[in-house]
Amino acid sequence: MHSHSKIYSEDTGEGHIFIAPWAYNSITQGTWTFLSSSNSLFYFLYTNTSAAIHDQIDYMVYLSKGTYTFRSYYRTDTDNGICAFWLDYISQGWIDANAAASTMNLWTIANIVVTSSNLHTVSLHLQGKTGTQYRWEFTHIFLFRTA
Amino acid sequence: MAQGLTTYTYPTIGEKKIFIMGTDYSSIDSGTFAFTNVTTQWFNGYFETTTGVVGDSINYLCYLNAGIYQLFVLSILGAARGIIRCSIDGTSLGTYDTYDASTRSNMLLDYPAFTITAPKVVTINFYATGKNAGSSDERMAITYIDIYQRGLL
């Protein structure tokens, strides 16, 4: 073995993964920016002001193989749309944020299976609407391993 | 081995610093938890029990490699705050009395170090065990949990 080699176990985990909304890898579509919100966690929400179908923001994250739960805090409103959570461009689930009342909610998708320890792309993708626009407003994303 | 070079071998690979927002729980056993906006607190507030009683309990799942860890909680002290126990996989790290006659924002609760002997998903639990005689309630508040690895096995 080379004296400065590093041996990485297959069982290396990722603790508890916090993804700040502005820490994106790429924006596939839309204009994503801060929205000041004085009573929110972090004092703001992150939103797509473009509010168009297929607006999408992508984050790159290293995930060890395992089973994960995805969660995100989002806000409902009459102009908020249907958002899907993608792992490596495959939808893992979606939620409709259209509601008459503007409230913060917790979105959960459990039992997401990651089959390889690698860099992965996770995305938020506006896929539809039942309200007036394809808007999305959220504070952050987090993932944690359950197995 | 050349001086200054380090060889890392299993199971010393770990996530040396882990940050968990109080809002980012995995499950709630008991109690009503909600985000409370307080502008004097880091990140604009904390996740708390809105009506604190003995037995309020919240869990966070976290994958940890083998090692020795230290855990901090950024919380707030006040006249309605309780005594909060932190456990890792059911083993108590100890309790912290978060009562203070005056509200004190951004207080770090420094729990004793703990050891993880093999890589695994652990459950970090916070539980309201009671309250100080001077306190009016058993509320608990968590802005964030900070875990760092302070030693290797």
Side-chain angles (χ1 to χ4, degrees), chain A residues 1-21 23 34 36-45 61-75 103-112 114 117 138-147, chain B residues 1-28 33-47 59-67 69 71 116 118-124 142-149:
Chain A
M1 180 173 59
H2 225 256
S3 63
H4 58 279
S5 297
K6 293 180 180 180
I7 300 171
Y8 295 100
S9 163
E10 276 293 294
D11 208 11
T12 298
E14 287 301 310
H16 194 283
I17 298 164
F18 171 89
I19 302 178
F34 292 97
S36 181
S37 176
S38 62
N39 61 353
S40 291
L41 181 65
F42 308 125
Y43 208 90
F44 65 84
L45 297 166
V61 61
Y62 184 90
L63 297 174
S64 292
K65 65 181 181 182
T67 305
Y68 290 79
T69 292
F70 155 87
R71 279 185 162 168
S72 183
Y73 285 92
Y74 69 98
R75 188 161 74 174
T103 60
M104 291 303 298
N105 294 274
L106 179 58
W107 176 17
T108 301
I109 303 173
N111 297 315
I112 297 171
V114 173
S117 300
F138 69 113
T139 59
H140 66 295
I141 291 169
F142 62 102
L143 295 138
F144 53 88
R145 271 179 78 171
T146 55
Chain B
M1 184 188 306
Q3 224 173 11
L5 297 178
T6 305
T7 298
Y8 298 95
T9 55
Y10 174 87
T12 59
I13 304 299
E15 297 303 306
K16 307 304 181 190
K17 196 120 175 26
I18 295 164
F19 175 79
I20 305 175
M21 289 300 299
T23 52
D24 296 358
Y25 65 92
S26 57
S27 63
I28 292 171
F33 287 77
F35 177 73
T36 295
N37 168 222
V38 176
T39 56
T40 55
Q41 188 79 359
W42 270 91
F43 301 116
N44 208 34
Y46 41 75
F47 203 54
N59 301 303
Y60 299 84
L61 289 180
C62 178
Y63 188 96
L64 295 178
N65 280 290
Y69 293 87
L71 185 150
I116 300 296
K120 62 178 175 176
V121 176
V122 301
T123 300
I124 303 164
I142 301 171
T143 293
Y144 66 75
I145 303 158
D146 195 11
I147 304 168
Y148 73 88
Q149 191 171 354

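The chains referred to below are lettered A, B, ... by the order of the sequence lines, with proteins before strands, and numbering in each begins at 1. Worth knowing before you read on, the calculation uses all heavy atoms, side chains too, and leaves out hydrogens, waters and symmetry mates. All of these numbers come straight from a predicted model, not from anything done at the bench.
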Hits for side-chain contact (heavy atoms from CB on, under 4.5 Å) against A:Asn105, two or more places apart or cross-chain, chain-then-number order -> A:Tyr74, A:Thr76, A:Thr103

CZ (A:Phe44) and CG (B:Asn44) are apart, to the nearest 0.5 Å, by 10.0 Å

B:Thr23 and A:Leu41 have their tightest heavy-atom pair at OG1-CD2, 3.7 Å

In this structure, CZ of A:Arg145 is separated from CG of B:Leu61 (nearest 0.5 Å) by 11.5 Å

Under 4.5 Å to a heavy atom of chain A? For B:Thr143 that would be neither

Honestly, the part of A:Ile17 sitting under 4.5 Å from a heavy atom of chain B is neither

For B:Asp24 and A:His140, the nearest pair of non-hydrogen atoms, with its separation, is OD1-NE2, 2.8 Å

Okay, B:Phe35 and chain A: the region with an atom under 4.5 Å from a heavy atom over there is side chain

Heavy atoms of A:Phe144 and B:Tyr25 approach each other most closely as CE2-O, 3.9 Å

Cut-off 4.5 Å, heavy atoms of chain B, and the answer for A:Thr146 is both

Go through the steps for B:Met21 and A:Phe42 under the test side chain to side chain contact (heavy atoms under 4.5 Å, CB included), then give the verdict. CA-CA 11 Å; B:Met21 289 300 299; A:Phe42 308 125; 3.8 Å; yes

Honestly, the part of A:Ser38 sitting under 4.5 Å from a heavy atom of chain B is backbone

Does B:Phe43 reach the side chain of A:Thr139, with side-chain heavy atoms less than 4.5 Å apart?
no

If one checks every heavy atom of B:Tyr144 against chain A at 4.5 Å, the contacting part turns out to be neither

So, the part of B:Ser26 with a heavy atom under 4.5 Å from chain A: the answer is both

Applying side-chain hydrogen bond (donor to acceptor under 3.5 Å, both in side chains) to A:Thr69 and not counting sequence neighbours gives none

If one checks every heavy atom of A:Ala147 against chain B at 4.5 Å, the contacting part turns out to be backbone

